[in-house]
Undergrad: 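Below is the structure I would like to discuss, written out as structure tokens.
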Amino acid sequence: PAGAPPDPPSAPADPAAPPPRALGPPPQGSAGAAPRAEGRPSAACREQEECSVSADTVLAPLRAALDACRATAQKQVCNDIGRRLTVLEDAWAQGKLSAPVRKRMSLLVQELQQQHWDAADEIHRSLMVDHVNEVSQWMVGVKRLIAETRALPTGE
């Protein structure tokens with residue numbers, strides 16, 4: 001009959017037939033290529049080792065920097081930084097930090113250790129812009145730690 005549906009409900013489904021396609025192919029060009037952020041170290045991990053940064057390689061130098069600041073910074077400031085570093089440590093241990101955040105924190109620590117204050121500040125800013133939900137609870141402490149470490153007497 002002319003008004004009958006193409007697949008009457010009583011017809012058995014052919015198990016060899018491919019499932020019906022509701023969507024066309026994905027748009028060309030956009031799916032495979034991730035957008036590349038120029039100048040951002042986290043755009044892609046070149047080697048797998050770079051992606052698996054250990055918490056200790058980041059936290060140990062941050063805690064050492066905090067210890068160095070204790071002689072000159074206010075006790076309340078140091079305690080707040082310490083609490084925020086604990087929040088960072090917990091988030092890291094619970095797997096709540098993405099690979100780009102872990103990688104950039106590793107770079108931030110390297111800059112801090114080399115006393116490249118502006119570079120460390122720039123990485124801090126990029127993390128706040130690109131990953132605010134992930135870093136907002138503890139990044140304030142890292143920012144303050146950068147400032148306190150920068151203010152230390154140069155003999156340290």
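Remember, it's a predicted structure, so these values are computed and weren't measured experimentally. Computed from heavy atoms alone, side chains included, the values below leave out hydrogens, waters and symmetry copies.
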Undergrad: Please check if atom CD in Gln74 has more than 12 non-hydrogen atoms from other residues, nucleotides or ligands closer than 6.0 Å.
TA: no
Undergrad: Check the surroundings of atom CG in Asn79: do more than 12 heavy atoms from other residues, nucleotides or ligands lie under 6.0 Å from it?
TA: yes
Undergrad: Which distance, rounded to the nearest 0.5 Å, do you find between the CE of Met128 and the CE of Met139?
TA: 7.0 Å
Undergrad: List, one per line, each side-chain donor-acceptor pair under 3.5 Å for residues 83-97, sequence neighbours excluded.
TA:
from	atom 1	to	atom 2	distance (Å)
Arg84	NE	Asp80	OD1	3.4
Arg84	NE	Asp80	OD2	3.1
Arg84	NH1	Gln137	O	3.0
Thr86	OG1	Gly82	O	3.0
Glu89	OE1	Arg63	NH2	2.9
Gln94	OE1	Lys96	NZ	2.9

Undergrad: Looking at CD of Gln113 and OG1 of Thr149, how far apart are the two atoms once the value is rounded to the nearest 0.5 Å?
TA: 11.0 Å
Undergrad: Looking at every heavy atom in both Val58 and Pro61, which two are closest together, and how far apart are they?
TA: O-CD, 3.3 Å
Undergrad: Would you tabulate the side-chain donor-acceptor contacts of residues 64-72 under 3.5 Å, counting partners in other chains and residues two or more places apart, or write 'none'?
TA:
from	atom 1	to	atom 2	distance (Å)
Thr72	OG1	Cys69	O	3.4

Undergrad: Cluster question for you: counting only ILVMFWY and a side-chain heavy-atom cut-off of under 4.5 Å, with indirect links fine, are Val140 and Val101 together?
TA: no
Undergrad: What pairs with Ala119 under side-chain contact (heavy atoms from CB on, under 4.5 Å), at least two apart in sequence or on another chain?
TA: Glu111, His116
Undergrad: Minimum heavy-atom separation for Ala120 and Leu112, please, with both atom names.
TA: CB-N, 4.3 Å
Undergrad: Assess whether side chain to side chain contact (heavy atoms under 4.5 Å, CB included) is satisfied between Leu127 and Val142, documenting all intermediate values.
TA: CA-CA 11 Å; Leu127 279 163; Val142 173; over 6 Å; no
Undergrad: Only one of Ile123, Leu62, Val135 clears side chain to side chain contact (heavy atoms under 4.5 Å, CB included) with Met105; which?
TA: Leu62
Undergrad: Going from CD on Glu148 to CD1 on Ile146, what distance comes out if it is rounded to the nearest 0.5 angstrom?
TA: 11.5 Å
Undergrad: So if I apply the side-chain hydrogen bond (donor to acceptor under 3.5 Å, both in side chains) rule between Ser98 and each of Glu134, Lys103, Arg104, which one comes out positive?
TA: Glu134
Undergrad: Can you tell me if Gln76 has over 12 outside heavy atoms packed within less than 6.0 Å of its CD?
TA: no
Undergrad: First locate atom CD of Glu122, then atom CG of Leu107, and finally report the distance between them rounded to the nearest 0.5 Å.
TA: 12.5 Å
Undergrad: Nearest 0.5 Å, what's the CZ-OG1 distance between Arg102 and Thr57?
TA: 10.5 Å
